[in-house]
Protein chains: 2
Amino acid sequence: MGKNFSKNKLIVFYGVLLAAILLLLKWLEFRFLIVNHAFEVYIGAIALIFTGLGIWLAIKLAKPKTRTVVVEKEIYITKPTESIIPQEKTLSKIGISKREWEVLALMSEGLSNQEIAERLFVSLNTIKTHSSNLFEKLEVKRRTQAVEKGKRLGILA
Amino acid sequence: MGKNFSKNKLIVFYGVLLAAILLLLKWLEFRFLIVNHAFEVYIGAIALIFTGLGIWLAIKLAKPKTRTVVVEKEIYITKPTESIIPQEKTLSKIGISKREWEVLALMSEGLSNQEIAERLFVSLNTIKTHSSNLFEKLEVKRRTQAVEKGKRLGILA
DNA sequence: ATAAAAATCACTCAAAAGTATGAGGGCGAA
DNA sequence: TTCGCCCTCATACTTTTGAGTGATTTTTAT
């Protein structure tokens with residue numbers, strides 16, 4: 001906004017300057033044009049002046065090229081609690097199914113397989129199957145390792 | 001692209017302004033001066049052409065001003081791990097011994113009792129005793145719960 | 001020095017966790 | 001429709017974990 005304003009002001013200023021120069025030339029014309037040989041010089045002066053004027057105008061008004069520099073700024077924040085189902089990319093990349101993730105989440109809360117089974121209304125054997133598959137996909141051997149790795153992968157809160 | 005466009009627009013505007021000024025002069029000429037018409041137009045054309053030339057030269061030759069814009073980009077980093085032995089106040093308040101805490105820490109890394117025993121150069125039975133005492137002090141029933149509670153209490157990373 | 005706390009270890013029994021294998025139904029993609 | 005994946009459940013077996021009890025040694029604090 002302020003930039004546009006100053007630009008307009010500049011243009012107006014330049015217009016006035018131009019008018020002044022033309023008047024000056026007019027005056028010079030009256031004073032010296034009688035001298036015939038001065039005509040070429042006059043034209044040359046005009047050309048020179050207005051070329052310089054154009055250059056000056058262009059330099060003044062040209063927008064500077066902006067170069068964007070991205071600066072990485074480290075900000076320590078308690079990792080924002082992701083969605084309730086976090087990092088679906090990671091999940092699908094590893095191939096963990098929704099049900100398996102649910103089991104993992106309840107594991108991380110310290111529930112036993114039996115408790116998880118009751119919570120999810122399925123049998124204990126089902127939970128065992130899920131957890132076995134889970135361990136294989138996470139490449140771990142125990143539930144504690146699964147929880148630890150799950151957190152490292154960002155798929156657990 | 002848009003930058004060039006606005007620059008061109010500026011030039012056009014300047015040309016129009018110049019024409020207006022010339023018309024003004026023309027009018028002034030009719031009012032107050034007795035001068036050769038063709039000569040005025042000639043001078044105006046010269047001025048216009050060389051102004052344009054100046055602008056063109058400046059645009060073509062001027063090295064672009066660069067202005068650096070710094071953009072801050074937030075990066076989320078897991079808060080740096082606190083002291084290796086955290087929250088001794090909490091530990092003594094609950095009555096967890098140093099050895100018990102060591103066992104808990106290794107538990108949280110997913111080690112089995114056997115592995116913990118080997119790591120600490122003691123027997124499996126010792127680890128079992130430690131963990132049992134640990135569970136009682138933490139008021140939990142399983143190692144997963146112990147780890148979970150340990151983290152909640154801030155005695156684990 | 002002595003009592004308390006901590007660390008060590010053993011043994012048994014039970015529960016939980018984990019492995020391996022098979023199998024049936026549902027569901028979406030090829 | 002067939003194939004693959006997911007979810008479900010079962011059975012059998014092994015390993016790990018945890019509870020309970022008791023004991024010896026070391027460390028620590030009074």
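Order of the sequence lines fixes the chain letters, A, B, ..., with proteins taken first and strands second; residue numbering starts at 1 for each chain. Fair warning: this is a prediction, and the values are worked out from it, not measured in the lab.
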Which pairs would a plain distance check flag for residues 150-157 of chain B, meaning a side-chain donor or acceptor within less than 3.5 Å of a matching protein atom at least two apart in sequence or in another chain?
from, atom 1, to, atom 2, distance (Å)
B:Arg152, NH1, B:Glu148, OE1, 2.9
B:Arg152, NH1, B:Glu148, OE2, 3.4

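- In terms of the salt bridge (Lys or Arg N to Asp or Glu O under 4.0 Å) criterion, residue partners of A:Glu102 (sequence neighbours excluded) are, by chain and number, A:Arg99.
- Each end of the helix from C:dA1-D:dT30 to C:dA30-D:dT1 yields a helix axis from five base pairs, and these two axes differ in direction by 60° (to the nearest 10 degrees).
- With sequence neighbours left out, B:Glu115 forms a salt bridge (Lys or Arg N to Asp or Glu O under 4.0 Å) with A:Arg142.
- Rounded to whole Å, the distance from NZ on B:Lys128 to P on C:dA15 is 15 Å.
- A side chain to side chain contact (heavy atoms under 4.5 Å, CB included) with A:Val103 is found for one member of A:Leu120, A:Asn113, A:Ile96 and no other, namely A:Leu120.
- Partners of A:Glu118 by salt bridge (Lys or Arg N to Asp or Glu O under 4.0 Å), not counting sequence neighbours: none found.
- Evaluation of the side-chain hydrogen bond (donor to acceptor under 3.5 Å, both in side chains) rule for A:Ser108 yields no partner, not counting sequence neighbours.
- If you take CG of A:Leu124 and C1' of C:dA16, they are 9 Å apart, rounded to a whole angstrom.
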Polar atom pairs between nucleotides 4-8 of chain C and protein, under 3.5 Å, N or O only, would you list them?
from, atom 1, to, atom 2, distance (Å)
C:dA7, OP1, B:Arg99, N, 3.2
C:dA7, OP2, B:Ser97, OG, 2.2
C:dT8, OP1, B:Arg99, NE, 3.1
C:dT8, OP1, B:Arg99, NH2, 2.8
C:dT8, OP2, B:Arg99, NE, 3.0
C:dT8, OP2, B:His130, NE2, 2.9

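- Residues passing the side-chain hydrogen bond (donor to acceptor under 3.5 Å, both in side chains) test with A:Ser132, sequence neighbours excluded: none.
- Remark: A:Lys137 engages A:Glu100 in a salt bridge (Lys or Arg N to Asp or Glu O under 4.0 Å) (not counting sequence neighbours).
- DNA chain D is contacted by B:Ser112, B:Asn113 of residues 106-113 of chain B, taking any non-hydrogen atom closer than 4.0 Å.
- For DNA chain D, the span of nucleotides reached by chain B at under 4.0 Å from its heavy atoms goes, 5' to 3', from D:dT17 to D:dA19.
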Anything under 3.5 Å between a protein N or O and an N or O of nucleotides 28-30 of chain C, put it in a table, one pair a line.
none

